[in-house]
Amino acid sequence: MDVHQAIQIRRSVRAYEDRPINADSYQKLLDALRFAPSACNIQPWRFLLIEDKQLRLKVATAAKKQLWMAQAAVTVVACGYPQDAYKTMGGYGNSVDIDLAIALDHLSLAATAEGLGTCWIGAFDENAVKEILQIPAEAKVVAMMPVGHPKSTNLNHPVSEQNRKKPQDIFHKNCYR
Ligand SMILES: Cc1cc2nc3c(=O)[nH]c(=O)nc-3n(C[C@H](O)[C@H](O)[C@H](O)COP(=O)(O)O)c2cc1C
């Protein structure tokens, strides 16, 4: 599967089979995270790979009870270090959220290419997740992502045009106006 196909068929998966990811695919997922770009190549991140079923359930509970997350073989918890990241993007912004988002997007596309499903998880109680997983105070939980075998077969259908804004509404050639 090439990257264009992966982009077309990736979609949020919210039902998983509770079975492990094979070692070859798992390695590709880790590489997708590790080789992602980051501002000044600082790589201000740690990724927790939650494989333990009880911990997956606890984390899903802390994610506003999105318990379906825990069905997936692994929950990736993306932790960023704002104090290490590039702090003056555009003159003022910390790059940590962008750095982590790029890595997670690499992960979701690599997972799609392996026939696996993912879902971005941004709805969670950060303090609760940090306590469950013993994450240091200085780290920020940027987002989470369950990865596993999708229950349904709808992964093979492209994202519907109806679900996205029209090109003429989002692209501007040259200047804004
Ligand atoms: C930053 C971010 C946070 C999200 N948080 C959640 C979440 O907590 N739970 C959930 O079910 N989906 C979550 N989503 C998934 C979006 O709802 C989904 O990507 C969007 O509706 C488009 O659908 P698609 O991913 O199938 O193309 C999140 C997506 C992003 C990018």
Side-chain angles (χ1 to χ4, degrees), residues 1-18 21 25 29 32-33 36-39 44-50 53 55-82 85 89-90 93-133 135 139-167 169-171:
M1 184 183 301
D2 69 23
V3 70
H4 306 289
Q5 281 175 295
I7 288 168
Q8 285 292 322
I9 67 170
R10 182 222 54 83
R11 53 182 49 207
S12 294
V13 172
R14 297 184 179 90
Y16 295 89
E17 292 172 7
D18 193 354
I21 297 167
S25 295
L29 302 179
L33 289 165
S38 59
W45 49 46
R46 294 291 179 100
F47 301 100
L48 306 192
L49 311 167
I50 317 299
K53 181 79 189 277
L55 274 182
R56 270 153 45 197
L57 258 175
K58 282 186 185 169
V59 166
T61 304
K64 313 248 177 214
K65 299 204 173 100
Q66 301 185 79
L67 298 183
W68 49 267
M69 282 173 63
Q71 298 164 355
V74 59
T75 301
V76 176
V77 177
C79 301
Y81 286 84
M89 272 192 55
N94 191 301
S95 69
V96 72
D97 292 340
I98 294 175
D99 293 333
L100 274 286
I102 292 169
L104 284 176
D105 213 54
H106 270 203
L107 172 65
S108 72
L109 293 178
T112 303
E114 293 303 300
L116 299 165
T118 60
C119 187
W120 274 87
I121 300 294
F124 57 87
D125 176 340
E126 190 194 16
N127 288 333
V129 172
K130 285 175 86 162
E131 193 178 326
I132 294 163
L133 301 174
I135 295 168
K140 173 182 183 183
V141 181
V142 175
M144 308 198 282
M145 187 168 278
V147 187
H149 295 277
K151 226 174 219 165
S152 68
T153 52
N154 69 5
L155 248 195
N156 296 322
H157 299 296
V159 171
S160 161
E161 275 287 331
Q162 288 171 347
N163 287 333
R164 292 298 189 261
K165 291 184 176 176
K166 300 263 174 292
D169 294 335
I170 61 169
F171 297 124

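First listed ligand is number 1; within each ligand, the first listed atom is number 1. For reference, positions follow the sequence shown, starting with 1.
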Considering only heavy atoms from C-beta outward, does the side chain of Lys140 approach that of Asp97 to under 4.5 Å? yes
Compare all side-chain heavy atoms of His106 with those of Pro37 and state whether any distance is below 4.5 angstrom. yes
Using a 4.5 Å cut-off on heavy atoms from C-beta on, say whether the side chain of Asp2 contacts that of Gln5. yes
Would you indicate whether the side-chain heavy atoms of Ile9 and Met1 approach each other to under 4.5 Å? yes
Quick one: does Lys130's side chain have a donor or acceptor within less than 3.5 Å of a partner on Ala139's backbone? yes
Would you tabulate the polar-atom pairs, meaning N/O of ligand 1 against N/O of the protein, with distances under 3.5 Å, reported to 0.1 Å?
unit_1, atom_1, unit_2, atom_2, d
ligand 1, 5 (N), Trp120, O, 3.4
ligand 1, 5 (N), Gly122, N, 2.9
ligand 1, 8 (O), Gln66, NE2, 3.2
ligand 1, 8 (O), Gly122, N, 3.2
ligand 1, 8 (O), Ala123, N, 3.1
ligand 1, 9 (N), Gln66, OE1, 2.7
ligand 1, 11 (O), Arg14, NE, 2.7
ligand 1, 11 (O), Arg14, NH2, 3.3
ligand 1, 11 (O), Gln66, OE1, 3.4
ligand 1, 12 (N), Arg14, NH2, 3.1
ligand 1, 12 (N), Trp120, O, 3.4
ligand 1, 14 (N), Trp120, O, 3.3
ligand 1, 17 (O), Arg14, NH2, 3.4
ligand 1, 19 (O), Ser12, OG, 3.3
ligand 1, 25 (O), Arg10, NH1, 2.9
ligand 1, 25 (O), Arg10, NH2, 3.3
ligand 1, 25 (O), Ser12, N, 3.3
ligand 1, 25 (O), Ser12, OG, 2.6
ligand 1, 26 (O), Ser12, N, 2.8
ligand 1, 27 (O), Arg10, NH2, 2.9
ligand 1, 27 (O), Arg164, NH2, 2.7

Could you check if a side-chain atom of Leu116 sits within less than 4.5 angstrom of a side-chain atom of Leu29, using non-hydrogen atoms only? yes
